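None of the values given here were measured: they were computed from a predicted structure.
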Amino acid sequence: MTAARPTVLLTGSTGVIGANLLPALAARHDVTALVHRRRPEGATACLQADLSIDGLGLSPRQRSELAAGIDVIVHCGAVTDFAPRDPAAFTNVNADGTRRILELAEEARVPVVLLSSAAAAFEVPGDDLAARSMRAYGRSKRRAEELAAHCSQPVAIVRTALLFAARNAPTPPRHQFPHALFTALLQARPGALPVQPDHWTDILPMETLVDYVTALTEAQLRGDTTAPGLHWVTAGPARLTAADLERACLDFLDESGRPVDGPLLADPTAPQSRARGMARVAQLGFLPPEQPDMPCDLNRLLPTQPTRTDVLQALAHNVRRCAPWEA
C-alpha cells in the first residue's frame, strides 16, 4: 500500500511495550491493531486475530484485505509470563506466532520490526521452575529471530533488556519484572534478595525504547538498507548493580518513615539464602561483574543515549511508584 499517511500493523498493542508504542506510532501513521481480547484506545482500526492459530484466525478475505492495506508490521505480541499456565505457549505464540506474522509480511510484501529480547542471547542455568521457564522464554525468542533471518522481507530485530515504566504511565506494570522486584524489596524484609551487590542487570527507560522503535519503523518504511538486522536496545554501560537497586529502595523507605533494620541483599551462597518466587527470578536475572555490558546500538538512530545518571533517576522514580502500602 502506498499512501501519504502509511499504515502500521501493530501486534501486542495492549501489552507493556505495545501500549507505549501505539500513541507514538499513531502520531505519525494510521495504526491497525491486531487484537486478541482487549481493544486499545488510539488505534485507527482494530482487527481481532490469534497469534496461536495458523492464518492468525482470519478468513481469507480478512487476510487479503489486511495484507493490501498495510505498509509495515511492528510485532510486539508475545507471552512474557515466566510461569504460563501452558508451557507450550512460549513456542506457540513467541516462535510460531512470529512465523505467522512473517508469513503475513511476505504476503503483503512489507518490512517488519520484530520486538525480541536480550533473553534470546542467554541460556539460563538451573532445573527449578523459574529457571526452566526463563530458559523456555529465551529459546522461544531465539527461535523467532532465526525465523526472521529466513524471511523474504526486510526484518529489523530489536533485542531489548528490562524496562522501566514510562514516567506518564498511570500505574507501573507490577506483574512485570523489575517492578514486581521493587515491590517485593519495599516489603522491607532484610535479606530478601540473595544476590551479590556487584552483580548487575540492564534496565532501560521505556521512553528510550519507544523513541528507538519509532525511528526504526520510519527507517523500514523509507527502505533504509541499514535498518534490517539486529538492534540491541539496552542501557549498555549504564547498567545497574544489585547495590544500586538496594540503595534506591532503602532511601525511599527511609524517606517514607519505614527504615529497615539491615540490608535487603543477602549472600546467595549462605545455606539460609535459598531464593524462591520473585527472589529466584531476580537472582537469575543478575549477571556477574566480569560479564561484559550488553551491546548497545542506540546511537544508530538516536542522537543521545541514557547516561548512568539518567538510569539512576528512572530507578528512583519507578521505586517510588511501587510502594506496597497505602499512600
Side-chain angles (χ1 to χ4, degrees), residues 5 8-35 37-46 74-78 80 113 115 117-118 158 160-186 201-218 231 233-236 238-240 244-245 248-249 251-252 255-256 296 298 301-327:
R5 186 173 167 88
V8 178
L9 178 66
L10 177 63
T11 71
S13 58
T14 59
V16 173
I17 294 176
N20 284 276
L21 268 175
L22 176 53
L25 293 172
R28 298 167 178 246
H29 311 295
D30 290 340
V31 177
T32 296
L34 211 60
V35 300
R37 295 187 183 89
R38 292 181 292 151
R39 302 172 75 88
E41 294 183 4
T44 310
C46 293
V74 178
H75 180 40
C76 302
T80 58
V113 176
L115 270 291
S117 169
V158 176
T160 188
L162 301 172
L163 295 164
F164 289 118
R167 283 186 172 268
N168 64 354
T171 58
R174 294 193 179 186
H175 62 289
Q176 293 279 326
F177 185 89
H179 299 89
L181 172 61
F182 299 156
T183 302
L185 288 174
L186 291 173
T201 191
D202 189 298
I203 315 179
L204 186 72
M206 177 65 75
E207 293 86 349
T208 303
L209 175 66
V210 168
D211 288 346
Y212 195 90
V213 174
T214 301
L216 185 56
T217 303
E218 297 288 340
H231 299 250
V233 182
T234 70
R239 69 191 196 184
L240 294 172
D244 291 328
L245 270 65
C249 290
D251 286 348
F252 180 50
E255 292 173 14
S256 303
C296 179
L298 292 175
L301 292 173
L302 299 183
T304 60
Q305 63 187 66
T307 64
R308 180 168 160 79
T309 298
D310 295 331
V311 175
L312 285 171
Q313 289 175 347
L315 169 64
H317 175 76
N318 275 253
V319 164
R320 290 174 180 275
R321 301 189 64 200
C322 289
W325 55 82
E326 292 292 332

Checklist entry - Do we see a donor-acceptor contact under 3.5 Å between the side chains of D211 and T208? => result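 No - no donor-acceptor pair under 3.5 Å links their side chains.
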Tell me if a side-chain donor or acceptor on [X] pairs with a main-chain N or O of [Y] at a distance below 3.5 Å.
X: T11; Y: G77; answer: yes
X: R5; Y: H29; answer: yes
X: N318; Y: A165; answer: yes
X: T160; Y: V233; answer: yes

Item to check | Any L21 side-chain heavy atom under 4.5 Å of C76 side chain | outcome: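 They are in side-chain contact.
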Item to check | V16 vs M206, side-chain contact (heavy atoms from CB on, under 4.5 Å): CA-CA, chis, key distance, verdict | outcome: CA-CA 9 Å; V16 173; M206 177 65 75; 3.7 Å; yes
Item to check | With A314 via side chain to side chain contact (heavy atoms under 4.5 Å, CB included) - residues at least two apart | outcome: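 Testing A314 for side chain to side chain contact (heavy atoms under 4.5 Å, CB included), a comparison that skips the adjacent residues, returns F164, P205.
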Of the non-hydrogen atoms in [X] and [Y], which two are nearest, and what is the gap between them?
X: L245; Y: L240; result: CD1-CB, 4.0 Å
X: G236; Y: D202; result: N-OD2, 3.1 Å
X: G18; Y: L10; result: O-CD2, 4.0 Å
X: A166; Y: R321; result: O-NH1, 3.4 Å

Item to check | Derivation of the side-chain contact (heavy atoms from CB on, under 4.5 Å) call for I203 and L315 | outcome: CA-CA 9 Å; I203 315 179; L315 169 64; 5.6 Å; no
